[in-house]
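Only one structure is covered here, and it is reproduced in the block below.
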Protein chains: 2
Amino acid sequence: MTVSRALSDHPNVRPDTRKAVQDHARKVGYVKNAAAKAMRGDGTKIVGLLLPNIVNEFYARFANTLAQSCEDLSLHLIIHLTNDDPETELRAFERLHEVQAMSVIHVPAPGAVRNVSAHLNGVNVIQLIREQNMGQPVSSILVEDHRAIGEAVQHLAGLGHQSIGYIGADERLSSGRARRAAFEAGLASAGLARDDRLITLGAPDFSTGQRNAARLLATGNVTAIVCGGFEISNGVLSVFLEADQDVVQGMGFVGYGDPSYYAWLGGGVSTIAMQVDELAQEAARLAACPAEEQPVNRRAFEASFVARNTHLAPMRGGG
Amino acid sequence: MTVSRALSDHPNVRPDTRKAVQDHARKVGYVKNAAAKAMRGDGTKIVGLLLPNIVNEFYARFANTLAQSCEDLSLHLIIHLTNDDPETELRAFERLHEVQAMSVIHVPAPGAVRNVSAHLNGVNVIQLIREQNMGQPVSSILVEDHRAIGEAVQHLAGLGHQSIGYIGADERLSSGRARRAAFEAGLASAGLARDDRLITLGAPDFSTGQRNAARLLATGNVTAIVCGGFEISNGVLSVFLEADQDVVQGMGFVGYGDPSYYAWLGGGVSTIAMQVDELAQEAARLAACPAEEQPVNRRAFEASFVARNTHLAPMRGGG
DNA sequence: GTGAAAGCGCTAACAA
DNA sequence: TTGTTAGCGCTTTCAC
């Protein structure tokens, strides 16, 4: 059809014909059928995003910026929540395979490698935050937080803390391993001895933060806590904010991630902050190219330590 | 092909053949091509979600719960951010038309009706929070906040406030009109006179909240502020939290929406809370049916007034 | 500069 | 119970 050529801006169409066709298409709201294009093998412009959840402000901001970039690049963004569950993650990959997603950006769930590889043919896979073997080469966008975590520990040490606890993700996550190592390196460079009883690990979720914070506070032999995860940080913080004032009096706290309200809570929460928007833009950049044209890529963005009121002010009502 | 029948659980296939086919499909990770299904006219299982943004915790929680429901219902959720801009919204509808979305859930952007109707053929449209004429029958899921806003005003009046300001969305939004009316009704039932200078309206965004809060505080003749929008509430709150202590001393504040941290800020922020999860589940329920089988539906969920420390405690650092 | 044919993966309808 | 045909909307190839 000449119509098809006109709509695709092909040169071999009389200019007036082309214009007439295009104008009419716009008038009647015609758009090309993506399914038909996909079936011919033209690719889909679909980007999948797999996140543990989208309520945590870090993930929300990432998704927000990514979605903006996708609008600009005319990509379709399909979101799947994994709850950090490998089974759910597998199903998400399956669904994205059905619609022939061009790229998938994902925060790998903890746990063993499952048979996802069957769903990854020709898919441009981009890992975020964490790295996990997928049985095929993948790109990754990481956060380099070694230095920032070290600074956090030294900051606490400088305030006189000698018993600093750590709550983070366990060894099933690459990020869990790296952050724990960074914490221990920080202790060493601050001249503090490591006490394994003060290092508590678990799944990267809110309840791990809650549970371990309560446990560390209960022992009474910890004077500060450093967090190694977004959800964990929120969980720990919830315990601090709801604890009796005399229990947390003088306790040091360093969160992970920097949601907007951390600056407002308890006089300002010290934290490890990352360049969310830059992460998301890089992700969009990588996701925009089909797998075959996209060389595998590995890039890390440096995190920073934000010092605020490391000792949370107790909350008090105003009336 | 017998294979197709086997995979579709068609009865006319020898049971052992069927099982063999299904097992093999699972083993090699075969999934049906959604594009081919769509091209036959079988529909797409794609649900579009159009939100102003996804960082605001109300929208984030809505999207989160909706995404969960979509996983359960095997629907694909495509997210588009509109920034409350009609042009961007129009482009999003266009993109969803391309992929033949089955349903679109959207928070209508303020402004005139544009020619979206061309992109809505056979689409199950579900409006959220706000209502706007789309030139065709649509379902809507609303928040009934008249009573809650009235309670908020009466609560403030009960605390002795006589000059209560209001910051909300303007008349371009159905929700803006309704909430303003609810505020005025609240004043009336509290026996307070309406002062139009204390009622400030604008776009439903953060800066509207910031700007008008600063303005109302500067005039000095307002002792409390009620917010009529999610983003607006956050904007107003940011001004309160960053203002000099003596300026906001004794000021009353009622926010809109109930993000998790409102309970922690300044001793607890009083607010209008809504049943986010219920809204999202209802949205998923409506979105799961194709347009032709879905009778148009209009449902409202009651909001509630949550009284906390209506007078924000000033923030102070702890060390 | 324009049209005709073919095929992408799938399933409803019909034929065997 | 299984196989064949046809067509969904699009673009590439080839013919005119």
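Lettering of chains follows the sequences in order, A, B, ..., and the numbering in each one begins at 1.
Put simply, the side chain of B:Arg5 and the base of D:dG3 share a donor and an acceptor less than 3.5 Å apart.
Whole-Å rounding puts the B:Asn121 CG to D:dG9 P distance at 14 Å. Here D:dT12 presents its C1' atom at 15 Å from NZ of A:Lys37, a figure rounded to the nearest Å. In this structure, CG of B:Asp16 is placed 13 Å from C1' of D:dT2, rounded to the nearest angstrom. Regarding B:His10, its NE2 atom lies at a distance of 11 Å from the C1' atom of D:dT1, rounded to whole Å. Remark: P of C:dG9 and CZ of A:Arg40 are 12 Å apart, rounded to the nearest angstrom. Here the C1' atom of nucleotide D:dC8 and the CG atom of B:Asn33 are 13 Å apart, to the nearest Å.
Proximity of B:Thr17 to the phosphate of D:dT1: no side-chain N or O atom is located under 4.0 Å from OP1 or OP2. Contact annotation: A:Tyr30 side-chain N/O to D:dG9 OP1/OP2 distance is not under 4.0 Å. Between A:Lys32 and D:dT11 there is a side-chain N or O to OP1 or OP2 distance below 4.0 Å. Using a 4.0 Å cut-off, some side-chain N or O of B:Thr2 falls inside it from OP1 or OP2 of D:dG3.
When every heavy atom of A:His76 is checked against every heavy atom of A:Thr44, the shortest pair comes out as CD2-O, 4.1 Å. Nearest heavy-atom pair across B:Thr65 and B:Asp277 is OG1-OD1, 2.8 Å.
Relative to the side chain of A:Arg14, the nucleotides D:dT2, C:dC10, C:dG1 differ in distance, and C:dG1 lies closest.
B:Glu98 has no carboxylate O lying under 4.0 Å from a charged side-chain N of A:Lys45, or vice versa, which leaves the two without a salt bridge. With respect to the salt-bridge test (charged N to carboxylate O, under 4.0 angstrom), the residues B:Glu282 and B:Arg285 qualify. Look at A:Asp16 and A:Lys19 and you find no salt bridge, because none of the NZ, NE, NH1 or NH2 atoms lies under 4.0 Å from a carboxylate O.
Across all strands, A:Asn12 comes closer than 4.0 Å to base atoms (heavy-atom distances). A:Ser4 comes within 4.0 angstrom of a base, heavy atoms only.
Both B:Met39 and B:Pro11 lie close to DNA chain D; mapped to their nearest nucleotides by heavy-atom distance, the more 5′-ward contact belongs to B:Pro11.
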